[in-house]
K.L.:
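Please see the structure below; I have some questions.
In each ligand, atom 1 is the first atom listed, and ligand 1 is the first ligand listed. Here the structure is a predicted model, which means the values were calculated and not measured.
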Amino acid sequence: MNNTLEDKYLHDSGSLAKPPGDFSGQVGWECPSNVALIKYWGKRPVQLPMNPSVSFTLREAKTKITVDFRSMPGHNGISLKFYFDGRPAGSFGERVRNYLQQALRYLPFLDRADLVINTNNTFPHSTGIASSASSFGALALSLCSMEKMIFGTLQSPGAFLEKASFLSRLGSGSACRSVYGGFSLWGRTDAREPSTDEAAVPLNTAIHPSFSDLCDTILIIRSGAKEVSSHEGHRLMEGHPYAAARFSQAQANLKEMLGILGNGDENAFAVLAEEEALTLHAMMITSRPGYLLMKPNTLRAIDRIRHFRSDTGLPVCFTLDAGPNVHLLYPARVAPQVRSFVESNLSVLCEDARMIHDGVGNGPVMLNG
Ligand code: DP6
């Protein structure tokens, strides 16, 4: 009994069905996005990863959410008004409504509340940077704050963040890693206890100083919507001819990355981070139907970054999300040299010379309550 988080939260939900009286209030969180070094690509129901992943949480790219709530005695069903940048938001609002419907299993009191959710991103507009991780991170944290306010549960920070991570995973897999600052791990691996497919765990204790202040300059090669969504990309891993090999490679790479993050080997870091990024795109290229999210300037940037590394010996490397933009990774101590290389050689490859200077951040911040 209570062996899994699913069991535990379902068990707890019994006492979360009937609030102790009328309630109302406001909760809010600001939650950053995150960048995976070992990639989650391929999942099984319900939002469980086919392999473990490791990421760091960003500092600048964030979503803010506030939830105004009040009890509606006698009401049953999700009552939601959802605003993005102050305006009613259509398709994302629907995704959130479906998400809340799913979250009812664990938070049955949501059925008796009227919710007004306001959200906005701090990302520069239309950069093509995925916001689902920061959005569902901020939303799940806010729902946990609601639970805490109404029922007095989730008092310990560990229990609070574990449930927020579990709940955010149901909205978007990678979101579960965003509830922690610094580096986090999601997915079962025998290299780390505890680890589970159901939620992320923080990795902060084992990070070498070379990586704890890692910078990430995000080169906006092309903004706008991706041609193939991550949702579809994960689905195309089902029956993919290289899937089994990829999942076992990811297990091995994850162990190696945990070692590197602890021992500070910057050369090994570059090799592994780039291998993971290119393997992710190799999976897309070789799925059926295959597709390419990299653009010519993505490849030009990769080429220039690799030449810069071999010419200067500086510890710079790249990773990629499921899109054309390039994340240039380097320790803070080499930032001046790397920034001038970026200005002189990489900014011309970016759409309107757009880039975001980001890096490892401290994690979500509560806005009130
Ligand atoms: C390439 O978390 O966006 O960024 O669970 O369907 O919402 P869903 O997918 P999502 O996939 C992210 C994939 C990735 C790699 C990673 O973040 O690990």
K.L.:
Out of all atoms in ligand 1, which are within 4.0 Å of some heavy atom of Gln47? Include the element for each.
P.N.:
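Those qualifying, in numeric order: 5 (O).
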K.L.:
Please determine, by modelled atom types, if Ser178 and Asn34 share a side-chain donor-acceptor pair under 3.5 angstrom.
P.N.:
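On atom types as modelled, these side chains qualify, holding a pair under 3.5 Å.
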K.L.:
Polar-atom distance check: Ser172 versus ligand 1, any N or O pair below 3.5 Å?
P.N.:
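N/O-N/O distance under 3.5 Å: yes.
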K.L.:
Tell me, please, whether Tyr106 has Lys163 positioned over its six-membered ring: NZ or CZ under 6.0 Å from the ring centre and within 45 degrees of its axis?
P.N.:
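No cation-pi geometry.
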K.L.:
So if I count the atoms of ligand 1 from 1 in the order they appear, which ones are less than 4.0 Å from some heavy atom of Trp41?
P.N.:
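So the answer, numbered in order with elements, is 1 (C), 13 (C).
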K.L.:
Does the residue Lys43 have a heavy-atom contact with ligand 1, meaning some pair of atoms that are separated by less than 4.0 Å?
P.N.:
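Yes, that is the case, since the closest heavy atom of the residue is under 4.0 Å from the ligand.
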K.L.:
Does the ring center of Phe92 lie less than 6.0 Å from the ring center of Phe84?
P.N.:
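Ring centroids of Phe92 and Phe84 are no less than 6.0 Å from each other.
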K.L.:
Below 3.5 angstrom, do we get any N/O pair linking Ser174 and ligand 1?
P.N.:
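Yes - when backbone and side-chain N and O of Ser174 are compared with those of ligand 1, one distance drops under 3.5 Å.
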K.L.:
I want to check something: taking the side chain as every heavy atom from C-beta on, are Leu100 and Leu143 in contact at a cut-off of under 4.5 Å?
P.N.:
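With C-beta onward as the side chain, the pair touches.
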K.L.:
Would you say Gly173 has any N or O atom under 3.5 Å from an N or O of ligand 1, going by distance alone?
P.N.:
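Among all N and O atoms of Gly173, at least one is under 3.5 Å from an N or O of ligand 1.
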K.L.:
For Phe166, is the NZ or CZ atom of Arg169 found under 6.0 angstrom from the centre of its six-membered ring and inside 45 degrees of the ring axis?
P.N.:
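Yes, Arg169 and Phe166 form such a contact.
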K.L.:
How does Glu232 reach ligand 1, by side chain, by backbone, by both or by neither, if only non-hydrogen atoms under 4.0 Å count?
P.N.:
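Neither; nothing of Glu232 gets under 4.0 Å from ligand 1.
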K.L.:
So if I count the atoms of ligand 1 from 1 in the order they appear, which ones are less than 4.0 Å from some heavy atom of Ala36?
P.N.:
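Heavy-atom distances to Ala36 below 4.0 Å select 16 (C), 17 (O), 18 (O).
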K.L.:
Which of the listed options, Thr319, Asp321, Leu48, Leu293, holds the heavy atom that is closest to atom 4 (O) of ligand 1?
P.N.:
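That would be Asp321.
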K.L.:
Indicate whether the side chain of Asn98 and that of Arg95 have a donor and an acceptor atom separated by less than 3.5 Å.
P.N.:
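Note: Asn98 and Arg95 side chains miss the donor-acceptor criterion.
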